[in-house]
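See below for the structure under consideration.
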Amino acid sequence: MLIVLARVAGDRIMAARRTDESASFGIEYVKDLPSFVAAEERATPRWVWDDTSHWYPQLLAARVRVDRCYDLRLCHAILRNSELTSGSALATGAASSWDAPRVPDRPASGALFELEGDEPRVDADPVAELVLQREAVARSAQPGRIDRLLAAESAGALIAAELEYAGLPWDAARHEEILADLLGPRPPEGERPAALRELLEQVQQLLEAPGLNPDSPVDLLRALGRVGLQVTSTRSWELKQLKHPAIGPLLEYKKLARLLSANGWNWLDTWVRDGRFRPGYVPGGVVTGRWAANGGGALQLPRQIRGAVIADPGWKLVVADASQLEPRILAAMSGDRGMVQAGAAGDLYAGIVASGAVETRDQAKVAMLGAMYGATTGESGRLMPRLERAYPKAIALVEEAARAGERGEIVTTRLGRSSPRGQGAGYDEVASESEVSRARNRARAWGRFTRNFVVQGSAAEWALCWMASIRRRLHAMADGTWLTDAPHLVFFLHDEIVVHCPAELTDTVSEQVRLAAVEAGQLLFGAIPAEFPVTVAVVDNYGQAK
DNA sequence: TCCGAATGCCAC
DNA sequence: AAACGTGGCATTCGGA
């Protein structure tokens, strides 16, 4: 059963229900959304709505969870662009409001937004859009794959809302300790903490630059130049090459200044409330299908402060990451038996060494990353021919993706997400030499993008399937207990998840997380015997994992 | 004074 | 050693 929800004129909510494919929609109006959804959810319908982030948070706030949904905006973006649905009316029609960029939900009351016109929002007709989308899927050459992707993408939207609802357990006191240890006590607003002040004085003295602000690259570059240090930038790795007494304290300053500005006291005040860090997640926010973040920097949580992520008393964190996910995805997608075999024993990179393709694990890793990113120089570039000889099908897949991109063609992930229509490679015949070379560079850069797109995007699909399966399994374990009173997901980072879990359930949860990884592999690749092992750590704080 | 580009570093 | 993909975010700096 499907139930489509929409806001209609007069700020009313309409529900259009369809019990099976052949039936027509029955319309009703909803008085109280949470109680309506809670009642209907007993029959586990698929809820269809324009944008999960506009509907689900208020349901969760009322302690109403839903099992399945269909996010029209996210699915539209996939179908509109996918090679697998390129002939559909949805793909060929004029752009509509469904193509508009995501609109962040309006805060309940915000003076800033009142000016923008506060008439109630009326949704574009979601039933018509749903019909168009289903038609596009039905006419696709690969309806199974694309449907799987739409389901996974929609499940991801539910998970993102639940992650934000639950929040990541965060011990503000522990965070403050970490800051105090490294930076000194919290300084008054606008002043540098003690550790930074001391380092700054040293740097200023050693460079004989009393007024120097190391946070200003221009200023710093000038000061370094005055003592004879020739550098083209002030990046840390470049400064590390230099020999001068000021470099040590300068690098230390930069490290601590980064901690202060990115995850210091201001960050703590802004993003942590009541023992939870609640960042913004944006499912489908990256072209490849990865999630993006907006607010809080969830996807760049530095290792330095992960020790502040502490499970509640009596609870644990189950931290799981998919080992060498992208190369394994490449192996499975290309059907490269040798590379699949190399990953069968556990450590894919060790398997590559064992096959004799390269000498060390580090070489295997660098070479694989280079193959997926398009490295041409350095050690990675030098190892490529050997990798290609050992794993011809895997390397051919990324090489073909790169060539397609260079020709201006689109490429597509395992389940059917296509790259944006690119940067044409063309240049005209009368173009000057520099124009030709610029065009060639642009084409090559786009080729590196499409090369990476197929692997990164397919890995993102695997991760969505994995996480959706984990969510389903955790819900089954919960046996009616509310989301956050039972084991629940609290963090997601591309190929890694964290489950907040009562201590006595960690074994079961770990097992379910592993089973979910097997299931994800089957969802993407069917019977291909590719392994997707996960490393699971049961810890009290996130800093203890890995 | 506001805003976008440039810079640099964090995550995968 | 520093070129090789996807991002977010804080800070500086120069132009409107």
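Residue numbers begin at 1 in each chain, while the letters A, B, ... track the order of the sequences. Side chains included, hydrogens not; waters and symmetry mates left out as well; all remaining heavy atoms used.
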Practice task
Look at the aromatic rings of A:Tyr542 and A:Phe491 and report parallel, tilted or perpendicular, splitting at 30° and 60°.
Solution key: perpendicular
Practice task
If a protein heavy atom is under 4.0 Å from the base, mark B; if only from the sugar-phosphate, S; if neither, -; do that for nucleotides 6-16 of chain C going 5' to 3'.
Solution key: BBBSSSSS---
Exercise for the section: Could I get the full list of side-chain contact (heavy atoms from CB on, under 4.5 Å) partners for A:Asp540, not counting sequence neighbours? Expected result: A:Lys316, A:Gln544
Completion exercise
Sorted by chain and number, sequence neighbours left out, ring pair (Phe, Tyr, Trp, His ring centres under 6.0 Å) with A:His494 holds for none
Practice task
Under the side chain to side chain donor-acceptor pair (under 3.5 Å) rule, collect the residues that match up with A:Arg174, sequence neighbours excluded.
Solution key: A:Glu177
Exercise for the section: Grab the CG-C1' distance between A:Asn441 and C:dC4 for me, whole Å please. Expected result: 14 Å
Exercise for the section: Could you tell me whether A:Glu406 and A:Arg403 make a salt bridge, using a distance below 4.0 angstrom between a side-chain N and a carboxylate O? Expected result: yes
Exercise for the section: Could you check which residues of residues 301-309 of chain A get a heavy atom under 4.0 Å from DNA chain B? Sort them by number, please. Expected result: A:Leu301, A:Pro302, A:Arg303, A:Arg306
Problem - Partner set under ring pair (Phe, Tyr, Trp, His ring centres under 6.0 Å) for A:Phe453, not counting sequence neighbours - result: A:Phe449
Practice task
Kindly write out the residues that satisfy ring pair (Phe, Tyr, Trp, His ring centres under 6.0 Å) with A:Tyr391, not counting sequence neighbours, or none if the list is empty.
Solution key: none
Problem - Under-4.0 Å side-chain N/O to phosphate OP1/OP2 contact, A:Arg448 with C:dG5 - result: yes
Just list the side-chain donor-acceptor pairs under 3.5 Å for residues 201-209 of chain A, sequence neighbours left out, or say none.
| unit_1 | atom_1 | unit_2 | atom_2 | d |
| --- | --- | --- | --- | --- |
| A:Gln204 | NE2 | A:Pro210 | O | 2.9 |
| A:Gln204 | NE2 | A:Leu212 | O | 3.0 |

Problem - Interface residues of residues 357-395 of chain A with DNA chain B (non-hydrogen, below 4.0 angstrom) - result: none
Exercise for the section: Could you tell me whether A:Glu326 and A:Arg290 make a salt bridge, using a distance below 4.0 angstrom between a side-chain N and a carboxylate O? Expected result: yes
Handout entry: Separation of atom CD in A:Glu326 from atom P in C:dG5, rounded to whole Å
Key = 13 Å
Exercise for the section: Using the test ring pair (Phe, Tyr, Trp, His ring centres under 6.0 Å), find all partners of A:Phe277 that sit at least two apart in sequence or belong to another chain. Expected result: A:Trp170, A:Trp267
Practice task
Report the residues that fulfil side chain to side chain donor-acceptor pair (under 3.5 Å) with A:Ser323, sequence neighbours left out, ordered by chain and then residue number.
Solution key: A:Thr535
Exercise for the section: Look at A:Glu400 together with A:Arg451 and state whether they make a salt bridge at an N to O cut-off of under 4.0 Å. Expected result: no
Handout entry: Under-4.0 Å salt bridge between A:Arg192 and A:Asp215
Key = yes
Handout entry: P gap between C:dC4 and B:dC12, integer Å
Key = 22 Å
Handout entry: Positional range of nucleotides in DNA chain B within the contact set of chain A, heavy-atom, under 4.0 Å
Key = B:dT7 to B:dC12
